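Everything quoted here is computed from the prediction, not taken from an experiment. So that the names make sense, note that chain A is the first sequence line, chain B the second, and so on, each numbered from 1.
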There are 4 protein chains.
Amino acid sequence: MSLREKKTAKKKEEILQSAVSILSEKGYHGTTMEEIAAKLLMTKGSVYYYFNDKQNLLFESQIMILNRSIQNMESINSQNVSVIKKLRKAIIAHIEYAIRERSGFVMMFNPEQIFSPSQLEQIFQLRDEYGKGFDQLIEEGIEADVFRSMDVKIVRNIILGAINWVTQWYSDDGKKDETEMAELIADYVMQILIKDF
Amino acid sequence: MSLREKKTAKKKEEILQSAVSILSEKGYHGTTMEEIAAKLLMTKGSVYYYFNDKQNLLFESQIMILNRSIQNMESINSQNVSVIKKLRKAIIAHIEYAIRERSGFVMMFNPEQIFSPSQLEQIFQLRDEYGKGFDQLIEEGIEADVFRSMDVKIVRNIILGAINWVTQWYSDDGKKDETEMAELIADYVMQILIKDF
Amino acid sequence: MSLREKKTAKKKEEILQSAVSILSEKGYHGTTMEEIAAKLLMTKGSVYYYFNDKQNLLFESQIMILNRSIQNMESINSQNVSVIKKLRKAIIAHIEYAIRERSGFVMMFNPEQIFSPSQLEQIFQLRDEYGKGFDQLIEEGIEADVFRSMDVKIVRNIILGAINWVTQWYSDDGKKDETEMAELIADYVMQILIKDF
Amino acid sequence: MSLREKKTAKKKEEILQSAVSILSEKGYHGTTMEEIAAKLLMTKGSVYYYFNDKQNLLFESQIMILNRSIQNMESINSQNVSVIKKLRKAIIAHIEYAIRERSGFVMMFNPEQIFSPSQLEQIFQLRDEYGKGFDQLIEEGIEADVFRSMDVKIVRNIILGAINWVTQWYSDDGKKDETEMAELIADYVMQILIKDF
DNA sequence: CATGAATGAGCCTTCATTCAT
DNA sequence: AATGAATGAAGGCTCATTCAT
């Protein structure tokens with residue numbers, strides 16, 4: 001990658017980041033190109049140099065988030081600790097990311113309304129890839145007999161729902177800070193899985 | 001209430017219902033008055049005869065949903081069965097309602113961006129009232145020693161998150177029908193609460 | 001005229017009166033049928049029973065005002081006093097009417113934009129008739145050698161302009177009441193006409 | 001000011017000018033952004049690029065007219081000629097401007113209905129400033145003993161009314177051209193002031 | 001690369017007008 | 001006679017998008 005290409009790539013990421021933060025607050029229709037640009041002290045015109053249109057910008061920002069989440073999941077999954085600890089870490093990481101960026105899965109509630117079929121396919125594929133990271137951990141736990149036997153897909157979705165929702169009710173004015181809260185939630189959620197003995 | 005007043009009230013509810021269904025799909029900015037009207041074979045103008053403006057219409061539709069949920073919660077709470085059964089019923093009712101109407105708490109993700117302070121106050125008050133319905137059941141369970149001791153508010157939000165999220169992944173093409181799925185989810189979620197013995 | 005016809009005529013006048021007062025404040029486009037009706041505790045529908053459309057309503061209210069002014073002028077003109085006194089009375093009456101009703105000629109600044117050619121013809125004819133009342137007085141004064149010789153049409157318009165404008169700057173918070181002010185203005189304006197000797 | 005800024009300023013003035021001419025014909029509610037734009041072969045959207053909204057555009061056009069009138073008044077007032085000549089010039093200039101631009105004070109009959117308190121304050125302040133230009137001339141004349149002693153404010157308003165009204169009855173189909181007519185009117189109006197001897 | 005300017009489609013909202021009852 | 005309801009046309013305003021410089 002040449003220097004110019006690197007610069008371009010960096011700028012693109014900045015824009016995506018700006019887009020993500022505004023999109024997650026205001027939703028697709030509530031977000032204007034003006035705002036995205038203004039947050040970076042750019043003009044609308046410049047943003048259009050890097051992205052063909054708003055829809056494309058939103059799409060790539062979704063992809064970015066999902067890829068980051070997947071990478072994160074992979075790095076956790078490859079760690080050499082117990083399943084329980086790995087799953088706990090994954091949940092906590094998800095919550096912290098969701099709160100910090102106000103985004104994650106929550107960002108796009110009804111992608112069908114916005115994206116083209118081929119874009120949707122990519123998004124669902126990545127969502128699924130991320131989801132499967134959880135599935136694997138759950139299955140690993142079941143095999144290791146530390147988790148109950150259960151319908152993995154359903155439980156995975158229950159967990160994701162519980163932790164995506166955090167952005168809606170957590171406010172940092174409370175006594176508990178982000179990490180503390182994330183740990184607490186993780187423990188509660190994992191009650192669904194863990195076998196008592 | 002005279003016949004005419006009844007008719008008006010009915011029409012208003014129809015419009016609110018139409019608004020709810022589109023709103024939950026497309027969000028505030030994605031919902032147009034045109035669509036809300038078209039779904040009822042009316043014209044925009046007619047809708048404006050019943051509601052002053054879009055914001056007001058969508059506010060009232062929020063209120064309607066919340067009131068319905070609260071009523072539902074109350075009727076469940078007054079039943080003469082065990083706490084566990086009551087909570088299970090409440091969860092199932094919530095899921096079924098959410099799936100059928102694609103709404104529930106999920107409907108409005110960032111009401112702060114849309115409603116006026118006095119409107120927000122009403123919404124939050126009702127949300128809280130509904131949430132307290134769950135809290136009561138949980139506390140009752142703890143006292144009856146069938147639920148673990150826990151931070152009620154947090155667990156309530158975890159449960160609500162898990163069951164609101166259902167609208168995002170449940171598709172009725174599967175083998176399980178709504179009720180079956182709702183029961184299954186309820187059972188999983190209640191693992192967080194129930195004491196083993 | 002039958003009783004019914006009388007009732008209808010009375011209602012029509014009430015509506016015209018309401019229309020005049022709102023029209024003079026807000027102008028043609030700024031006045032809504034709703035407002036005109038509301039001021040009389042009627043509904044829009046009822047107003048349409050008496051007048052075909054807004055334009056027609058406005059037209060008839062113009063005619064009403066002009067006819068009243070003309071009648072007033074005639075009654076003054078037929079009095080058996082000096083020209084100077086008659087003109088003075090006419091000016092004072094005009095001012096008082098303009099202030100009280102905030103209307104008069106001022107009401108409709110650009111009738112060409114609103115009325116149909118045949119309506120315009122009628123309005124201009126009545127305006128002219130009213131104007132000629134002033135002209136006659138002026139001419140009478142010239143012949144009687146108490147007024148200077150002058151271009152009657154121009155001077156008449158100057159006078160009308162001066163006294164129509166009163167509605168724009170007179171506010172009754174001052175020390176002078178309506179009549180006092182009207183007399184004062186009349187005296188100043190008549191300086192244009194009266195021969196010194 | 002850079003070239004671009006100059007261009008922008010010029011465009012803004014063009015738009016204001018267009019607004020003034022339509023506004024004076026049709027009044028606030030009768031004037032549409034479409035028309036204002038169309039007169040300049042622009043689109044509505046472009047106009048909104050330069051002015052935030054209709055109200056703001058029309059406010060600024062008011063300000064523009066008032067400032068021009070004030071400047072004009074100042075330049076006349078600073079001339080080294082007799083009071084009578086200066087006042088005569090001021091009146092003639094006002095009439096010519098009013099006829100040419102169909103505006104002047106006449107433009108906005110009930111600004112209270114349209115502008116915000118702070119905007120109104122500015123407008124009234126400028127109106128007053130312009131009016132005081134006349135007052136000064138009148139007072140100067142009284143002191144120089146060429147004008148009668150009189151209530152300056154009232155007479156000033158009489159004069160303004162007389163000359164604002166010209167737009168309503170003057171039509172250039174007649175034999176007299178603008179300037180000729182303006183001079184004639186000025187002479188008549190000044191009869192109110194000038195002492196005979 | 002960046003940006004100021006322009007555009008047009010779309011949406012919210014108002015309001016004169018109509019009509020069945 | 002009166003009115004509640006419905007309608008559609010029009011107007012204000014926003015915003016994604018384009019383009020010349």
Side-chain angles (χ1 to χ4, degrees), chain A residues 4 7-8 11 28-37 40-58, chain B residues 2-5 7-8 11-12 28-37 40-58, chain C residues 4 7-8 11 28-37 40-58, chain D residues 2-5 7-8 11-12 28-37 40-58:
Chain A
R4 169 158 298 169
K7 259 194 174 173
T8 297
K11 200 101 193 180
Y28 183 75
H29 293 288
T31 300
T32 70
M33 295 297 274
E34 188 77 50
E35 275 176 303
I36 295 171
L40 297 167
L41 305 178
M42 303 170 83
T43 59
K44 272 189 290 186
S46 296
V47 175
Y48 274 92
Y49 180 79
Y50 295 98
F51 295 93
N52 293 325
D53 53 32
K54 185 181 172 183
Q55 208 231 31
N56 183 250
L57 170 55
L58 171 57
Chain B
S2 74
L3 179 66
R4 178 155 283 165
E5 278 168 341
K7 261 194 174 173
T8 297
K11 199 102 196 182
K12 274 191 138 185
Y28 184 79
H29 294 288
T31 299
T32 71
M33 295 299 272
E34 186 82 49
E35 266 179 308
I36 293 172
L40 298 168
L41 305 178
M42 301 170 87
T43 58
K44 266 187 295 187
S46 299
V47 175
Y48 275 95
Y49 182 78
Y50 293 95
F51 294 93
N52 292 325
D53 55 29
K54 183 181 173 179
Q55 208 231 32
N56 183 250
L57 169 54
L58 301 195
Chain C
R4 171 158 298 168
K7 260 194 173 173
T8 297
K11 201 99 193 182
Y28 183 76
H29 293 288
T31 300
T32 70
M33 294 299 272
E34 189 78 48
E35 274 176 303
I36 294 171
L40 298 167
L41 304 178
M42 302 170 83
T43 58
K44 272 189 290 186
S46 296
V47 176
Y48 274 92
Y49 179 79
Y50 296 96
F51 295 93
N52 292 324
D53 55 31
K54 185 181 172 183
Q55 208 231 30
N56 183 249
L57 171 54
L58 170 57
Chain D
S2 75
L3 180 65
R4 177 156 283 167
E5 278 168 341
K7 261 194 175 174
T8 297
K11 200 100 196 184
K12 274 191 138 185
Y28 184 79
H29 293 288
T31 300
T32 72
M33 295 299 273
E34 186 84 49
E35 267 179 308
I36 293 172
L40 299 167
L41 305 178
M42 301 170 88
T43 58
K44 264 189 297 187
S46 299
V47 175
Y48 275 96
Y49 182 77
Y50 293 96
F51 294 92
N52 291 326
D53 55 28
K54 183 180 171 179
Q55 208 231 30
N56 183 251
L57 168 54
L58 300 196

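Neither OP1 nor OP2 of F:dG4 sits under 4.0 Å from any side-chain N or O of B:T8. A sub-4.0 Å separation between OP1 or OP2 of E:dC15 and a side-chain N or O of C:T31 is absent. When the side-chain nitrogen and oxygen atoms of A:R4 are compared with OP1 and OP2 of E:dC1, one or more of them lie within a distance under 4.0 Å.
Atom pair C:D53:CG and F:dG8:P shows a separation of 20 Å (rounding to whole Å applied). Straight-line distance from the NE2 atom of B:H29 to the C1' atom of F:dC13: 15 Å, rounded to whole Å. Counting to the nearest Å, the P atom of F:dT17 and the CG atom of A:L57 are 10 Å from each other. Atom CD of B:E34 and atom P of F:dG8 are 10 Å apart (whole Å). Whole-Å rounding puts the D:N52 CG to F:dT14 P distance at 8 Å. Distance C:Y50 OH to F:dT3 C1': 13 Å, rounded to the nearest Å. If you take NZ of B:K7 and P of F:dT3, they are 19 Å apart, rounded to a whole angstrom. Whole-Å rounding puts the B:Y48 OH to F:dG8 P distance at 16 Å.
Nucleic acid contact class of D:K11 (heavy atoms, under 4.0 Å, all strands): sugar-phosphate only. B:S2 comes within 4.0 angstrom of no nucleic acid atom, judged by non-hydrogen atoms across all strands. Residue A:F51 is classed as having no contact, given no heavy-atom separation below 4.0 Å to the nucleic acid. When heavy atoms are screened at a 4.0 angstrom cut-off, B:T32 is found touching the sugar-phosphate backbone but no base atom.
If you check E:dT7, E:dG4, F:dT3 against the side chain of C:S46, the one that comes closest is F:dT3. When each of F:dA6, F:dG4, E:dC12 is scored by its nearest atom to the side-chain atoms of C:T43, the top-ranked nucleotide is F:dG4.
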>> Walk me through whether D:M42 and D:Y50 qualify under side-chain contact (heavy atoms from CB on, under 4.5 Å).
In response: CA-CA 12 Å; D:M42 301 170 88; D:Y50 293 96; 4.2 Å; yes
> Run the side-chain contact (heavy atoms from CB on, under 4.5 Å) check on C:Y48 and C:M33 step by step: do they pass?
Replying inline: CA-CA 9 Å; C:Y48 274 92; C:M33 294 299 272; 3.7 Å; yes
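Taking the nucleotide of DNA chain F with the nearest heavy atom to each of C:K44 and D:K54, the more 5' of the two is matched to C:K44. Of the two residues contacting DNA chain F, namely C:Y49 and D:M33, the nearest-nucleotide position lying further toward the 5' end is that of C:Y49. Summary of the strand contacts: C:Q55 and A:G45 both lie near DNA chain E, and taking for each the nucleotide with the nearest heavy atom, the more 5' one is attributed to A:G45.
Base-pair partner of F:dT18: E:dA5 (Watson-Crick or G-U wobble, both distances under 3.5 Å).
Note: D:L58 CG to D:I36 CD1 = 5.5 Å, rounded to the nearest 0.5 Å. Residue D:L57 holds its CG atom at 8.5 Å from CG of D:D53, rounded to the nearest 0.5 Å.
Looking at A:K54, its side chain does come within 3.5 Å of a backbone N or O of A:T31 through a donor-acceptor pair.
At least one side-chain heavy atom of A:Q55 sits less than 4.5 Å from a side-chain heavy atom of A:Y28.
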